[in-house]
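The model shown is predicted, which means the values in this text are computed figures rather than measured ones. The chains referred to below are lettered A, B, ... by the order of the sequence lines, with proteins before strands, and numbering in each begins at 1.
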Amino acid sequence: MARYNAKESEARWQEAWSTRGVFAAVNQSALPKCYVLEMFPYPSGRIHMGHARNYTMGDVIARFKRAQGFNVLHPMGWDAFGLPAENAAREKGVHPREWTYANIAAMREQLKAMGLAIDWSREFATCDPEYYARQQKLFLDFFRMGLVYRAEADVNWDPVDSTVLANEQVIEGRGWRSGAIVERRKLSQWFFRITQFADDLLTGLDSLERWPEKVRLMQKNWIGRSEGLRFSFALKDAPEPGVEVFSTRPDTLFGASFVALSPDHPLTEQLAARDAKLAAFVAECHRGGTAEETIETAEKMGYNTGLRATHPLDPNWQLPVYVANFVLMAYGTGAIFGCPAHDQRDLDFARKYRLPVLPVVIPDDADTKSFTIGTEAYVGSGHLANSRFLDGLDVDAAKNEVAKRLEAAGTGARTVHYRLRDWLVSRQRYWGCPIPIVHCGMCGMVPVPERNLPLKLPDEVRFDLPGNPLENHPAWKHVKCPVCGGAATRETDTFDTFVDSSWYFARFTDSHADAPVNPDAARYWMPVDQYIGGVEHAVLHLLYARFFTRAMAKAGDIAVQEPFAGLFTQGMVCHETYRDADGEWLLPEDVEKRDGQAFRRGSDAPVAVGPSEKMSKSKKNVVAPEGIIDAFGADTIRWFMLSDTPPERDVEWTQEGAEGCWRFVQRIHRLVTEAGALPPPGAKPAQDCGGADLELRRATHRAVAAVTEDLAALRFNRAVAQIYTLANALSASGPVDGAVKREALEVLVLLIGPMMPHLAETCWEALGHKTLVATAHWPVANKGLVTSDTLVIAVQVNGKRRGEIEIARAAQEEEVKASALALDSVQRALEGKTPRRVIVVPGRIVNVVA
RNA sequence: GCCCCCGUGGCGGAAUCGGUAGACGCGGCAGACUCAAAAUCUGUUGCCUUCACGGGCGUGCUGGUUCAAGUCCGGCCGGGGGCACCA
């Protein structure tokens, strides 16, 4: 019998699916809907193993849901703006547009070769003017709604990519893409008012039951809500009326020993103007940049301004006012009161500058008089002491009491602060969506009229000059003001590409709508039922998309608040690393293994094998999906991606594993093509079969039940194991009734359908079907065949397994007990002792306690 | 420093309602087929012990709860991730 020819089969079935339009989603249907989406790719030019894994998982879900009777939307598009296109323009002299669209064309072919069940009619790229025109419209709507503003602020500047970055894009003080140490600059930039939704974004997390706990936690921490009290210290003999501070621990107010201002606080600046030493201190704080100081957890430094602050609860109590390097202007009010006994930073500071350390919260099991603070602040619970009218209260009660008094006095207010900052969206780059604003000397910031959208990028730009090509363009930015007609200039910044990806999922519901979204289509399809992508977007894309969805809901574009009802974050694809004797990295294809030793291919030069790490160009531990598809076919790579490793974990790509998958592809094909004569399609097995027939039927229906459950729960690796079990049962079954065998084979083919769709179609055809697996119904397990009448249960003596009994499922406890005790092995283990107790857990276990 | 997750054979991993630990795959070993190889098939594969039957030990370590613990609780050790002066 001929071997399975993956190449031929895959091309053929891809063609068949395409011409019959099997995967087209319709925007109106009596069927229940299911929107399956994987994070769309950046068009780098070729797909990598991470794409292969991500899109295989999504495809399995899409096909599985379709077979289960859902109207499935499974689209694909391109996150097509971004810096690599500009870099290519600079290095290769090719226009970013050409480079991008050529890459898209190449990647589209590769994705199609994976056999993905995608509705390609909905495809778009974010750099299509038809798409970014709608994004500009959304921006203008947000602008009018007050969700967008331009402001001068301390921002993150990436000196390598020559652009600003959002806070979320700074990882350990470095730009997320360039890896350059980020500098702080004061610049005028565009912001989305994401903080307006801070509380809603936080509470909304509770409703996302089908999100990984980890991602919800990361977002929660990123939003960083803290409740506290905002209140003022009056200053003695000072130019300012007072210093406003924020504290989550107002209960410790009687333990205060200083007030500290941020080096960037307005009062600091005011004082520094007249105090050269202070000015030098501030400069010292700024040196080293934001990144280094966090990494080195810089030593606490302070400068005593000489000012005295009056304690808000005691007009006769004066505290020194410092400027301190650890106080951040961007959080709270940029000023704090220090209570060294109960805050580690304050304690470090107080010890250094010899300030009082007075404990005011005493652990409930400690003695007030003898409780002292050493080098560690006490941050736990307890009762108040040394705090006048607060003495004896617990922490919460004391917080309330202080808040009540300061509110009554009109000097304090309970407030909530967030760590989350507004989203900085402007970038000083060419290859992005232009921000549709005109700056007019007379009229200020004027929106580009909607009839003039899209505001297109100019084609003729130079990449050989430093800075923003739009800024350097001779003519583009010079326009007449849409309001007064006077000379004006365009905004030359473009949007962060994360803006593009913040609403594309809504656009897919009707990719060709005139408005940003077609409300009917969005109402039908949204939210995305299952979203799949890498965890690296936990606080980037996934937070921005949640904000955008809320903003769009407010603007009336969309009816949901949350874009993604279900989220799955898949692990990375890793590979061993190889180095030659000179320490140079080697590609896996240049390495071969003989007798457990690695050598340079075709030579005896030894190769050092390093640990499995995320595939990366720099370490050359990459295997291209193309080559695998070429050698073994798409089904093999798909099967590999689903096998063995749970989908949320990192998987290691191995040649042996891929070959094992290929063998299984062939084995399934053989099982079907070498099955011998079978009754025609539609033949039903007899209801009352027994022996080998019954055994195979049971294996068949158990597989249906198990695979259905595992796929629904995204446990692909377990589904794969179940399918191996069924294949093994088929191989092991002796001569069986033809209808029984047909049933088993058909089920096997239907079950692999979502995972190895091409192989499934070829086998389905070989079984005599004229229809497609892609349009077939998912099999339903016969419950009576999933469980058997008898079962084998273990018998323990004193908790140790000593034997097993086969017994009727319906057997009564006494019967089970009797047959357990009748076992020789049990009697031997009892050594003549009389059982004190026999525990029978029906259907599970018997434990004889002696 | 704070927060979160995870430690199971040579490897990836099953078993998560406390109830037969190691399903399924990879790799290994032995055999069949073959002139030979590839492909395929069969058997075997946690460790120790025994000719064998069997027995003992085993889920990072250590205590505990329980008739019964990979699973629950306490304390350690190790690995990974997130946030990092957030008041």
Side-chain angles (χ1 to χ4, degrees), chain A residues 3 171-173 212-215 217-222 224-226 228-229 245-250 252 260 262 293-300 324-328 330-339 342-346 348-349 376 379 417-421 535 538-539 596 612 639-640 643-646 648-652 654-661 663-664 666-667 670 706 715 717-728 731 792-804 825 828 835-850:
Chain A
R3 303 196 79 206
I171 317 288
E172 290 183 351
E213 190 55 45
K214 183 171 122 179
V215 174
L217 189 67
M218 280 166 71
Q219 290 212 357
K220 185 178 172 220
N221 290 340
W222 188 263
R225 182 182 201 272
S226 45
L229 190 69
V245 300
F246 172 73
S247 174
T248 56
R249 295 296 302 274
T252 64
S262 164
E293 83 187 12
T294 57
I295 288 164
E296 292 172 24
T297 47
E299 199 186 335
K300 304 283 172 289
N325 65 338
F326 65 91
V327 182
L328 306 176
Y331 190 81
T333 60
I336 60 158
F337 81 84
C339 175
H342 306 293
D343 182 286
Q344 192 60 43
R345 291 157 308 168
D346 296 349
D348 295 344
F349 190 82
E376 274 191 37
V379 295
H417 271 283
Y418 297 91
R419 215 185 77 99
L420 182 71
R421 305 292 149 68
V535 73
V539 287
S612 185
W639 191 247
F640 184 102
S643 303
D644 296 345
T645 304
E648 68 278 10
R649 282 195 220 171
D650 292 351
V651 66
E652 185 186 359
T654 63
Q655 183 69 19
E656 293 80 8
E659 283 164 11
C661 293
R663 281 200 296 274
F664 188 62
Q666 294 297 346
R667 186 170 159 217
R670 270 199 319 277
R715 294 187 295 235
N717 57 318
R718 298 212 306 201
V720 163
Q722 299 295 347
I723 285 169
Y724 274 110
T725 304
L726 175 57
N728 290 346
S731 300
V792 176
I793 62 175
V795 181
Q796 298 179 329
V797 176
N798 292 329
K800 272 189 200 302
R801 186 182 178 281
R802 294 297 174 181
E804 58 188 32
S825 54
R828 225 181 305 130
R836 282 190 290 128
R837 223 176 127 187
V838 179
I839 290 152
V840 176
V841 182
R844 291 222 175 245
I845 206 162
V846 179
N847 191 8
V848 180
V849 186

Which nucleotide in the set B:C26, B:C86, B:C67 lies at the smallest distance from any side-chain heavy atom of A:I839?
B:C67
For A:R801 and A:G799, indicate whether the former's side chain and the latter's backbone hold a donor-acceptor pair under 3.5 Å.
no
In terms of the angle between their ring planes, are A:W639 and A:F664 parallel, tilted or perpendicular, with boundaries placed at 30° and 60°?
parallel
Of all the choices, B:A84, B:G27, B:G13, which nucleotide is nearest to the side chain of A:T645 once you look at every atom?
B:G13
If we take the P atom in both B:G12 and B:U62, what is their distance in whole Å?
23 Å
Base, sugar-phosphate or nothing for A:V849? Non-hydrogen atoms, less than 4.0 Å.
sugar-phosphate
Base, sugar-phosphate or nothing for A:N798? Non-hydrogen atoms, less than 4.0 Å.
nothing
What nucleotide, of B:U20, B:A39, B:A14, holds the atom closest to the side chain of A:N717?
B:A14
Need one value for A:R225: base, sugar-phosphate or nothing, where a base atom within 4.0 Å counts as base even if backbone is also close, heavy atoms only.
nothing
A:N221 has a side chain; which of B:G12, B:U20, B:C3 sits nearest to it?
B:C3
For A:R836, which contact category applies under a 4.0 Å heavy-atom criterion: base, sugar-phosphate, or nothing?
nothing
When rounded to the nearest Å, what value does the distance between C1' atoms of B:C57 and B:A38 take?
43 Å
Counter-base of B:C72, judged by Watson-Crick or G-U geometry with both distances under 3.5 Å
B:G64
For B:U40, what is the paired nucleotide under Watson-Crick or G-U wobble rules, both distances under 3.5 Å?
B:A32
Counting the atoms with a prime plus P, OP1 and OP2 as sugar-phosphate, which does A:V792 contact under 4.0 Å by heavy atoms, base, sugar-phosphate, or nothing?
base
What's A:D343 touching, base or sugar-phosphate or nothing? Going by heavy atoms closer than 4.0 Å.
nothing
Do A:T248 side-chain atoms and A:G228 backbone N/O form a donor-acceptor pair below 3.5 Å?
no
Base, sugar-phosphate, or nothing: which does A:Q796 touch, judged by heavy atoms less than 4.0 Å apart?
base
Work out how far the C1' atom of B:U71 is from that of B:U59, and round it to whole angstrom.
10 Å
Identify whether any heavy atom of A:F246 sits under 4.0 Å from a base atom; if not, whether one sits that close to sugar-phosphate; answer base, sugar-phosphate or nothing.
base
Look at all strands and tell whether A:S226 reaches a base, only sugar-phosphate, or nothing, counting heavy atoms closer than 4.0 Å.
sugar-phosphate
Just N and O in the side chain of A:R837: are any of them under 4.0 Å from OP1 or OP2 of B:C67?
yes
Do A:N847 and A:V838 come within less than 4.5 Å of each other through their side chains, counting heavy atoms only?
no
From the options B:C86, B:G55, B:G12, select the nucleotide whose nearest atom is closest to the side chain of A:R345.
B:C86
Out of B:A68, B:C83, B:A87, which has the shortest distance to the side chain of A:N847?
B:A68
Rounded to whole angstroms, how far apart are NZ on A:K800 and P on B:C67?
17 Å
Nearest-neighbour nucleotide for the A:I336 side chain, B:A87, B:C41, B:G13 considered:
B:A87
Students often get this wrong, so: under 4.0 angstrom with heavy atoms, is A:S643 touching a base, only sugar-phosphate, or nothing?
nothing
Can you tell me which nucleotide in B:A87, B:G25, B:U40 comes closest to the side chain of A:Y724?
B:G25
Could you tell me how far apart A:K220 (NZ) and B:C86 (P) are, to the nearest whole angstrom?
17 Å
Of B:G55, B:A87, B:C24, the nucleotide closest to the side chain of A:V327 is B:A87
Value in whole Å for how far the P atom of B:A87 lies from NE2 of A:H417
10 Å
Write down the distance separating the P atoms in B:A52 and B:G46, rounded off to the nearest Å.
16 Å
So, taking the atom named CZ in A:R225 and the one named NZ in A:K220, what distance separates them when rounded to the nearest 0.5 Å?
10.5 Å
Is NZ or CZ of A:K300 both nearer than 6.0 Å to the six-membered ring centre of A:F326 and within 45° of the ring axis?
yes
Return the nucleotide paired to B:C2: Watson-Crick means purine N1 to pyrimidine N3 with N6-O4 or O6-N4, wobble means G-U with N1-O2 and O6-N3, both under 3.5 Å.
B:G82
Out of B:G13, B:C41, B:C86, which has the shortest distance to the side chain of A:R670?
B:C41
Need to verify one output field. Residue with the more 5' nearest nucleotide on RNA chain B, A:L217 or A:R828?
A:L217
Of A:A721 and A:V846, the one whose closest nucleotide on RNA chain B sits nearer the 5' end is A:V846
Length of the CD-P vector between A:Q666 and B:C41, whole Å
11 Å
Without decimals, in angstroms, what is the distance between A:R649 CZ and B:C11 P?
14 Å
Inter-nucleotide P distance (B:G58, B:C51), Å rounded:
24 Å
